[in-house]
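What follows is a single structure, and I will ask about it in a moment.
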Amino acid sequence: MLSNNLEKLLNTQMNNEFHAEYTYLAMAAYFHKLDLDGIANYFHVQANEERAHALKIFQFLLSKGGTVVLKNIEAPSADFKGTIDVFERALEQEKLVTKTINSLMDIAIKENDHAVHSFLRWYVDEQVEEEALATKNLSRIKLTEGKGQGLLIVDQELSKRITADDSHK
Ligand code: FEO
């Protein structure tokens, strides 16, 4: 049985993950407009993963006898100032998700809810990977100065990214 507080916070986190999906879709659209479809592909994969993260919470809420409460998803900002800016914002977003997951974990520990604690460990580990990947991509895009042949090489590399998580298993 979930506490009302954890049920509410898990629903909020589910909404955060759907918002992250939206944000990555906005980033994919930005790169499609630049004809950098490989980088757009990378952000599509990220968006798919965020949706999977949201649905994992959806399933968990139900299996714990909780209620899924779907709320409005805030529109993502799309006023990107260039290719580097997009990758900077992607990293910022991951840091924000890490922060909200950690806060949720703090509350699960405080309430001594072992099931939620165990469930959230997957997200804690996932965020380590997500932040590392976002940091690496930002460094590489900065090396290209956000333009030219370097950008085309990154585009080619990121075109190969495929969904590789087990979050929907
Ligand atoms: Fe679901 Fe990238 O955090």
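No experiment lies behind these values; they were computed from the predicted model shown. One-based numbering, in listed order, for ligands and for the atoms of each. The chain is numbered in sequence order, starting from 1.
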Worksheet item: Quick check: does Glu130 have an N/O/S atom under 2.8 Å of atom 2 (Fe) of ligand 1?
Response: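 It does: Glu130 brings an N, O or S atom closer than 2.8 Å to atom 2 (Fe) of ligand 1.
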- Given the side-chain rings of Phe18 and Phe58, with only the six-membered ring counted for Trp, is the space between their centroids under 6.0 Å?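 No: the rings miss the under 6.0 Å criterion.
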query = OE1 (Glu50) to atom 1 (Fe) of ligand 1 to ND1 (His53): angle, nearest 10 degrees?
reply =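 The two atoms subtend 90° at atom 1 (Fe) of ligand 1.
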Open item on the list: Applying a strict under-4.5 Å side-chain criterion to I, L, V, M, F, W and Y, I'd like to know whether Leu25 and Phe43 cluster together.
Closed with: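 Different clusters.
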Salt-bridge criterion met for Lys64 and Glu7 (N-O under 4.0 Å):
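Glu7 and Lys64: not salt-bridged.
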Check: Do any of the N/O/S atoms of Glu17, backbone or side chain, fall under 2.8 Å from atom 2 (Fe) of ligand 1?
Finding: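 So Glu17 does not bind atom 2 (Fe) of ligand 1 by this criterion.
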Practice prompt. Dump the intermediate steps for side chain to side chain donor-acceptor pair (under 3.5 Å) on Tyr24 and Asn48, then the final yes or no.
Written response: CA-CA 9 Å; Tyr24 281 133; Asn48 289 344; over 6 Å; no
